[in-house]
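Structure, as structure tokens:
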Protein chains: 2
Amino acid sequence: MFSVSARTQYGIRALAYLARTPGWEAIGAQIAEAEGISPKYLEGILTRLATAGLVRSERGKNGGYRLAKPPGGIVMAEVVAALDGEVRPVDCVDSLGICDHDSSCRSRRFWIGLKFAIDEYLGNRTLADIIEEGADPVSTR
Amino acid sequence: MFSVSARTQYGIRALAYLARTPGWEAIGAQIAEAEGISPKYLEGILTRLATAGLVRSERGKNGGYRLAKPPGGIVMAEVVAALDGEVRPVDCVDSLGICDHDSSCRSRRFWIGLKFAIDEYLGNRTLADIIEEGADPVSTR
DNA sequence: CTTTTTCCTATCGGGATAATAGGATTATAT
DNA sequence: ATATAATCCTATTATCCCGATAGGAAAAAG
């Protein structure tokens, strides 16, 4: 339940690799090789991350990918949204009129509450929390 | 992302129906009819809920299903686990040795943290929170 | 012993995911 | 210019899971 796609896991690995790399830049093949990800599949992942503004890409010789911001500015909620879409336990979380029991639906509020809980967690962690050594992420709050 | 299966949504509807029913008992066909769920598919759902001890079933004439406990005792975390399994963002949350970067893996802790956040939310809501009218669930805590 | 109900097993179609392939585009360097 | 090295784009495939369906077996009541 609530399992994360390989795409998202690959994406986080790629971002973490970039964050560890001098200048935060590398070429796709290099990331794929180092992280053991299918190069062609990784391409699509990096494209999504670039579209979301988390990564910058440059084509042609001497091209490659680099983090668009420092790791502390890359919020995990954005990463997840870029790769697997917004957190949406049920379809009616953001659009009404899907079922006939409209806005008084109790379970809808239940799922919206879950969405908030997840979004709050993901919104308060950054790539820096993932790559840094030491205590648990944001344990100091 | 993090979408809930139709199975779980159906299951919650069925539980809510039982909770609203006098004596908390009804037959499968009746629930399916009232909630607009495929009867045969609902069978499997109710079987799962019965196996998990959330619902009691009785076969034969005058048989049917009933809640095994009062709605306030049916924790949503159990419901979700019975229908879609435990919350497990990544496979390595409860078993090590899946990847080679064992227990020092930072992203593993990240996902475990997310699991805890979800489990805490689901563990603090019951069926009673879903069926009752009024304010948001557990807003009084 | 008939009826009513849950239980068990098997199958099927659709959709998404992960992966692969081939080429088109862009930019650098020589 | 031209070769090279990289991202970008589009399409295809294989596989798995889910939602749904079907047919019957088992059990309990009357």
Side-chain angles (χ1 to χ4, degrees), chain A residues 1-14 18 21 23 25-68 80 82-86 88-91, chain B residues 1-14 18 21 23 25-33 35-68 80 82-85 88-91:
Chain A
M1 187 59 181
F2 294 128
S3 61
V4 170
S5 70
R7 182 163 56 216
T8 290
Q9 297 181 56
Y10 291 164
I12 293 175
R13 299 235 300 272
L18 285 175
T21 302
E25 60 192 355
I27 69 174
Q30 176 185 343
I31 305 173
E33 159 75 20
E35 294 293 330
I37 304 170
S38 157
K40 278 294 198 180
Y41 190 51
L42 181 61
E43 275 187 24
I45 292 171
L46 289 167
T47 297
R48 283 172 183 252
L49 293 172
T51 303
L54 303 174
V55 152
R56 295 192 146 193
S57 61
E58 226 148 350
R59 311 219 284 190
K61 211 165 185 176
N62 293 352
Y65 300 95
R66 54 173 305 161
L67 295 187
V80 167
L83 296 171
D84 271 356
E86 285 290 326
R88 186 185 303 176
V90 292
D91 283 344
Chain B
M1 188 59 179
F2 295 127
S3 62
V4 170
S5 70
R7 183 162 54 212
T8 290
Q9 297 182 56
Y10 291 165
I12 292 175
R13 298 235 302 272
L18 286 175
T21 303
E25 60 193 353
I27 69 175
Q30 176 185 344
I31 304 173
E33 160 75 21
E35 294 293 329
I37 305 170
S38 157
K40 278 294 198 180
Y41 190 49
L42 182 60
E43 276 187 23
I45 292 171
L46 289 166
T47 298
R48 283 172 184 252
L49 293 172
T51 303
L54 303 173
V55 151
R56 294 192 146 193
S57 60
E58 226 148 349
R59 312 219 283 190
K61 211 165 185 176
N62 294 351
Y65 300 94
R66 54 177 306 166
L67 295 186
V80 168
L83 296 172
D84 271 356
R88 186 186 302 175
V90 292
D91 284 345

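By convention in this document, chain letters (A, B, ...) are assigned in the order of the sequence lines, proteins followed by strands, and residues within each chain are numbered from 1. If you're wondering where the values come from, they're calculated on a predicted model, not measured in any experiment.
Rounding to whole angstrom units, CZ of residue B:Arg66 and C1' of C:dT5 are separated by 16 Å. Atom P of nucleotide C:dC7 and atom CZ of B:Arg56 are separated by 13 Å, given to the nearest angstrom. At whole-Å resolution of the value, CD1 in A:Ile37 and P in C:dA18 are 12 Å apart. Here C:dA19 presents its C1' atom at 16 Å from CD of A:Gln9, a figure rounded to the nearest Å. One interatomic measurement links the two molecules: CD of A:Glu35 to P of C:dA19, which rounds to 14 Å at whole-angstrom precision. Distance, A:Met1 CE to D:dC17 P: 16 Å, rounded to whole Å. Distance A:Asp91 CG to C:dG15 C1': 14 Å, rounded to the nearest Å. In this structure, the CZ atom of B:Arg7 is 11 Å from the P atom of D:dC17, given to the nearest Å.
Contact detail for A:Thr21 and A:Glu25: the closest heavy-atom pair is CG2-O, 3.1 Å. What you find for A:Leu18 and A:Ala26 is that their closest heavy atoms are CD2-N, 3.7 Å. A:Ala14 approaches A:Leu42 most closely through the heavy-atom pair CB-CD1, 4.1 Å. What you find for A:Ile45 and A:Gly11 is that their closest heavy atoms are CG2-CA, 3.7 Å.
By the side chain to side chain donor-acceptor pair (under 3.5 Å) test, B:Arg48 pairs with no residue at all, sequence neighbours left out. B:Ser5 meets the side-chain contact (heavy atoms from CB on, under 4.5 Å) test with B:Arg7, B:Thr8, B:Asp84; sequence neighbours excluded. Applying the salt bridge (Lys or Arg N to Asp or Glu O under 4.0 Å) criterion to B:Glu43, with sequence neighbours excluded, gives B:Lys40. Listed by chain and residue number, A:Tyr17 satisfy the side chain to side chain donor-acceptor pair (under 3.5 Å) test with A:Gln30 (two or more places apart in sequence, or in another chain).
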### Message
Set out, in order, the CA-CA distance, both residues' side-chain angles and the distance that settles side chain to side chain contact (heavy atoms under 4.5 Å, CB included) for B:Ile31 and B:Ile37, then state yes or no.
### Response
CA-CA 8 Å; B:Ile31 304 173; B:Ile37 305 170; 5.5 Å; no

Can you tabulate the close N/O pairs, meaning under 3.5 Å, that link protein atoms to atoms of nucleotides 9-12 of chain C?
none

Taking only N/O atoms, report every protein-nucleotides 26-30 of chain D pair under 3.5 Å with atom names and distance.
| unit_1 | atom_1 | unit_2 | atom_2 | d |
| --- | --- | --- | --- | --- |
| D:dA26 | O3' | B:Arg59 | NH2 | 3.3 |
| D:dA27 | O4' | B:Arg59 | NE | 3.3 |
| D:dA27 | O4' | B:Arg59 | NH2 | 2.9 |
| D:dA28 | N3 | B:Lys61 | N | 3.4 |
| D:dA29 | O3' | B:Asn62 | ND2 | 3.3 |
| D:dG30 | OP1 | B:Asn62 | ND2 | 3.2 |

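The phosphate of D:dG19 (OP1 or OP2) has no side-chain N or O of B:Ser38 nearer than 4.0 angstrom. A:Ser57 has a side-chain polar atom (N or O) that falls below the 4.0 Å cut-off from OP1 or OP2 of D:dC8.
To the nearest 0.5 Å, atoms CG (B:Leu46) and CD1 (B:Ile27) are separated by 11.5 Å.
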Atom pairs and distances, side-chain donor-acceptor, residues 53-66 of chain B, under 3.5 Å, sequence neighbours left out:
none

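Remark: A:Lys40, A:Tyr41 in residues 39-53 of chain A come within less than 4.0 Å of DNA chain C through at least one heavy atom.
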